[in-house]
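Beneath this line is the structure, given in structure tokens, with notes to follow.
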Amino acid sequence: MALTGASGACYGIELVRQLLAADCRVSLLASRAGRQVVELETGLVWPAEVASWQDAVQAYFATSASRLRCYGADDFCAPVASGSAAADALVVVPASMGCLGRLAAGISSNLIERAADVMLKENRPLLLVPRETPLSRIHLANLLRLAEAGAVIVPAMPAFYTQPRSIDDLIHFVVGKLLDQLGIAHQLFVRWGAAAPTGGNGDSGSCSYVDCD
């Protein structure tokens, strides 16, 4: 899972929470701009030094190094930098247009871009969650090129037929769509045609958007 410098850090944070709840092992990557957006939008301060960052992230998610590992953006010795490591999937959420542009051009200037390039060349699931509006022709062309290369584009576009009652509900819809693509069962939103569950609309007990700590 990778976070870059686009708005929408809570999508990435909630995805990590849900993956851990589903008993998945998670490798977490974040660009420098991604860390800045996390702090700006959630108040979480992630230290630049990787060991301290990993300690802070593991404490926040109440998990261990065997379930959640953090890797620096320049750590090209990380397992996810090689196709032989055979990661199950990579989700870049949120994905900045700069990151997507470099991926579309086959440029690997950091670990996030290298890991994504590996997923494409190995024909493994790569989910990209762009959060930008409006989209220029360059953005659209890059997204098309990535889709043609095998990536799945999942824009951060929550639906409203679920009658969301909070920003958490909107976040859950997008994260739920990502989990659907990964084949992971969840109850984050009410599916079309299904009755609303008793007690709320996909409430997973996660943090609120404005108070994630």
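We're numbering straight along the sequence, starting at 1. Note that the structure is predicted; figures quoted are calculated from it, not measured.
Remark: E14 CD to L188 CG distance equals 6.5 Å, nearest 0.5 Å. To the nearest 0.5 Å, atom CG of residue L103 and atom CG of residue L128 are 6.5 Å apart. Note that OG of S27 and CG of L29 are 7.0 Å apart. Values are rounded to the nearest 0.5 Å. Taking CD of Q18 as the reference point, atom CG of L179 lies at 6.0 Å (rounded to 0.5 Å). For the atom pair CG of L68 and SG of C24, the computed distance is 12.0 Å after rounding to the nearest 0.5 Å. Between the CZ atom in R102 and the CG atom in L100 there is a gap of 9.0 Å [rounded to 0.5 Å].
In this structure, E122 contributes its side chain and A86 its backbone to no donor-acceptor pair below 3.5 Å. In terms of modelled atom types and a separation under 3.5 Å, the side chain of Q54 and the main chain of C70 share a donor-acceptor contact. Using a distance-only test at 3.5 Å, with no hydrogens or angles considered, a donor-acceptor pair links the side chain of R114 to the main chain of A81. No side-chain donor-acceptor contact under 3.5 Å links E132 to the backbone of L135. Remark: the backbone N or O of P94 is paired with a side-chain donor or acceptor of T4 at under 3.5 angstrom. Under a 3.5 Å cut-off, the side chain of R35 and the backbone N or O of P47 do form a donor-acceptor pair.
Ion pairing of D180 with R191 is present here, as a side-chain N (NZ or NE/NH1/NH2) and a carboxylate O approach within less than 4.0 Å.
Residues L182 and L19 meet the side-chain proximity criterion, which asks for heavy atoms closer than 4.5 Å. In this structure, the side chains of T42 and I13 come closer than 4.5 Å at one or more pairs of heavy atoms. Counting heavy atoms from C-beta on, the side chains of Y71 and L28 never come closer than 4.5 Å. The side-chain heavy atoms of V152 and P125, taken from C-beta on, include no pair separated by under 4.5 Å. Contact of the V93 side chain with the V175 side chain is not registered, since no non-hydrogen atoms from C-beta on lie closer than 4.5 Å.
Of the residues listed (V174, I167, D169), the one engaging P158 in a side-chain contact (heavy atoms from CB on, under 4.5 Å) is V174, and it is the only one. The side-chain contact (heavy atoms from CB on, under 4.5 Å) test with L126 is passed by exactly one of L90, I153, V91: L90.
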Q | Test log, rule side chain to side chain contact (heavy atoms under 4.5 Å, CB included), inputs L111 and D74 | A | CA-CA 6 Å; L111 180 59; D74 297 323; over 6 Å; no
Q) Hey, mind stepping through V92 and V129 against side chain to side chain contact (heavy atoms under 4.5 Å, CB included) and telling me if it holds? A) CA-CA 6 Å; V92 183; V129 186; over 6 Å; no
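Within 6.0 Å of atom CD1 in I138, 12 or fewer heavy atoms from other residues, nucleotides or ligands are found, so the atom counts as exposed in its surroundings. More than 12 heavy-atom neighbours from other residues, nucleotides or ligands sit within 6.0 angstrom of CZ on R67. Shown here is D55, whose CG atom has more than 12 heavy atoms of other residues, nucleotides or ligands within 6.0 Å.
The two residues R131 and A156 make their nearest non-hydrogen contact at CG-CB, 3.9 Å. Taking every heavy atom of both residues into account, I112 and S31 meet most closely at CD1-N, 3.6 Å. Heavy atoms only, all atoms of each residue included: A73 and A30 are closest at CB-O, 4.0 Å. Nearest approach of V26 to L20, heavy atoms of both residues: CG2-CD2, 4.1 Å. What you find for N142 and G101 is that their closest heavy atoms are ND2-CA, 3.5 Å. Of all heavy-atom pairs spanning I171 and C10, the tightest one is CD1-CB, 3.7 Å.
Other residues sharing the hydrophobic cluster of L170, ordered by chain and number and joined by side-chain separations under 4.5 Å: F160.
Checked against side-chain hydrogen bond (donor to acceptor under 3.5 Å, both in side chains), E148 has no partners two or more places apart in sequence or in another chain.
Using the six-membered ring where Trp is involved, W46 and W53 have ring planes that are tilted, between 30° and 60° apart. Relative ring orientation between F173 and F189 is described as tilted, the plane-to-plane angle lying within the 30° to 60° band.
One side chain, S7 or E41, offers a donor N or O that lies under 3.5 Å from an acceptor on the other.
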